Protein chains: 2
Amino acid sequence: MKAASRERRRNEIMDIAVEVLAERGYRGASMLEIANRASASKETLYAWFGDKPGLFEQVIRRNARAVQAALAPRLENDTTAESVLVAFGQALLRLLLGEDAVAINRAAISEAASDSRLAQVLASAGREATLPDFIRFLEGHSRNGTWQIDTPSEAAEDFLGLLIGDSQIRRLLGLLPAPGEAEILARANRAAARFSRLYAP
Amino acid sequence: MKAASRERRRNEIMDIAVEVLAERGYRGASMLEIANRASASKETLYAWFGDKPGLFEQVIRRNARAVQAALAPRLENDTTAESVLVAFGQALLRLLLGEDAVAINRAAISEAASDSRLAQVLASAGREATLPDFIRFLEGHSRNGTWQIDTPSEAAEDFLGLLIGDSQIRRLLGLLPAPGEAEILARANRAAARFSRLYAP
DNA sequence: CATAAACCGTACCATACGGTACGGATAAGA
DNA sequence: TCTTATCCGTACCGTATGGTACGGTTTATG
């Protein structure tokens, strides 16, 4: 009964770490404030997570697992290729433009100049874990003739570019609010339609 | 003879500010180090730029002017529409993925959580200054039949998405080096080709 | 050449943060 | 109920930063 409780506590603390991160940014998120809000002690934070980068590395890994779990199922082909594309696009936009991902990406970017540790973790647990699945999905539909694709990796980039555009950057800059469900659907639909036109046989 | 000299000195200091920014990130770029490298005194920095955000606000404005000056001429139609698109794309990629812009965008993103002042300046002097020109360019070629475009603003986003993809984010995360001229040309060509296919009459 | 302004180098102050140490409370286990 | 390990709250230390003050020196101006 103890391991489960510790795991819950760990998650509580990481939830609060993301919360503080979103409010104050990476440098501004002090270990003291995280400890206080979590009714934990600094010593516990350091005992469990090593140091400040260590804490946020764990936060990033946990987030990446959630992303992977939300995206992978969307790529299982049970309906139209284009509808899978739309569903995948929606899920990706929801995650990428949501508060947590924005806070995490801001943190990784903030530190990238002097230390790319967080960025490395973000990339290897995020993009590099999901993109191959998506590319395989495109390859499948290239072989079966849905689309005519020469280089699936480039096609994947095209779709992501059409889907996301510069909304992620503007979101990171704090110039856009988190999009509503309607806007997400519209963007995903548009991107899928453009993609289908681009790679029509 | 004094005004010109002061202006040169100002630019020297801002050059060094960008340099330090690129090495240490926004929080890590201390006013002391900037002053020391510039053989200036902290007091002069504060006298000229107000405070730390003020200094980097000036840096951003200067960079935005350079960007605008580099991009606007590309849109003057003297050759093929597609070749203008390629040239514009090349120039944009060079600027957006270059060291200075990366450092500046990182800074604005770092502070966005707690203070969007830098981001506001970056947006209003950057994107909002150049995008309208590009949209007008697309409108012109929509009227004259080169492309069939319903909503020029969306078409502009499509081109930028195809052009940039996720390379800007990966660059900000420190996962990609600055691209060489060959790669820039290739990306611009690809994006222009895709765009032409997408909006062919 | 003399005078005044601008600027450099240094010292200084208050503040905040990361990280460590320690005593007391609390909850699990025998 | 007693014991032991865990965790909370607080205090503490060294360091670094933004911002200000000031004497001395260089540079422009008359």
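Because the structure is predicted, anything quoted here is derived from the model rather than measured. Throughout, a chain's letter reflects where its sequence line sits, starting with A, and its residues are numbered from 1.
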Rounded to whole angstroms, how far apart are [atom1] on [X] and [atom2] on [N]?
X       : N       : atom1 : atom2 : answer
I34(A)  : dC17(C) : CD1   : C1'   : 12 Å
M31(A)  : dT10(D) : CE    : P     : 18 Å
R27(A)  : dA16(D) : CZ    : P     : 13 Å
R9(A)   : dT26(C) : CZ    : P     : 15 Å
N36(B)  : dT10(C) : CG    : P     : 8 Å
L32(A)  : dT15(C) : CG    : C1'   : 14 Å
L45(A)  : dT6(D)  : CG    : P     : 17 Å
E111(B) : dG18(D) : CD    : P     : 11 Å

Do side-chain atoms of [X] reach the backbone of [Y] as a donor and acceptor pair under 3.5 angstrom?
X       : Y       : result
S196(B) : A192(B) : yes
S116(A) : A119(A) : no
S41(A)  : E43(A)  : yes
R170(B) : L175(B) : no

Is it true that R37(B) and E12(B) make a salt bridge, defined as a side-chain N closer than 4.0 Å to a carboxylate O?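 Answer for the salt bridge query: no.
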Indicate yes or no: does D158(A) engage R190(B) in a salt bridge with an N to O separation below 4.0 Å.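 Looking at D158(A) and R190(B), the cut-off is met.
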Reckon [X] touches a base, only the sugar-phosphate, or nothing at all at heavy-atom distances under 4.0 Å?
X      : answer
A38(B) : nothing
A35(A) : nothing
A47(A) : nothing

Plane angle bin for Y199(B) and F195(B) - parallel if under 30°, tilted between 30 and 60°, otherwise perpendicular: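 Answer is tilted, since the angle falls between 30° and 60°.
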Near DNA chain C, which residues from residues 49-59 of chain B have a heavy atom under 4.0 Å away?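 Output list: empty, so none.
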Ignoring backbone atoms, establish whether S41(A) has a side-chain N or O less than 4.0 Å from OP1 or OP2 of dG9(D).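 Negative; the distance criterion is not met.
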L97(B) vs I184(B) side-chain heavy atoms within contact, under 4.5 Å: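 The answer is no, as the side chains (C-beta and beyond) never meet within the 4.5 Å cut-off.
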State, with a plain yes or no, whether a side-chain heavy atom of E111(B) is found less than 4.5 Å away from one of P53(B).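 They are not in contact (no side-chain heavy atoms under 4.5 Å apart), so the answer is no.
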Under 3.5 Å, is there an N or O donor on one side and an acceptor on the other linking the side chain of K42(B) and the base of dG19(D)?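 Yes, the side chain and the base share a sub-3.5 Å donor-acceptor pair.
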Can you figure out which of [options] approaches the side chain of [X] most closely?
X      : options                   : value
R6(A)  : dG18(C), dC8(C), dC7(D)   : dC7(D)
Y46(B) : dT17(D), dC17(C), dG19(D) : dG19(D)
W48(B) : dC8(C), dG18(C), dC7(C)   : dC7(C)

Are F134(B) and F159(B), when compared by the centres of their aromatic rings, separated by less than 6.0 Å?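 Yes.
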Under 3.5 Å for both distances, Watson-Crick or G-U wobble, that's the pair rule; now give the dot-bracket for DNA chain C, with | marking pairs to another strand and [ ] for crossing ones. ||||||||||||||||||||||||||||||
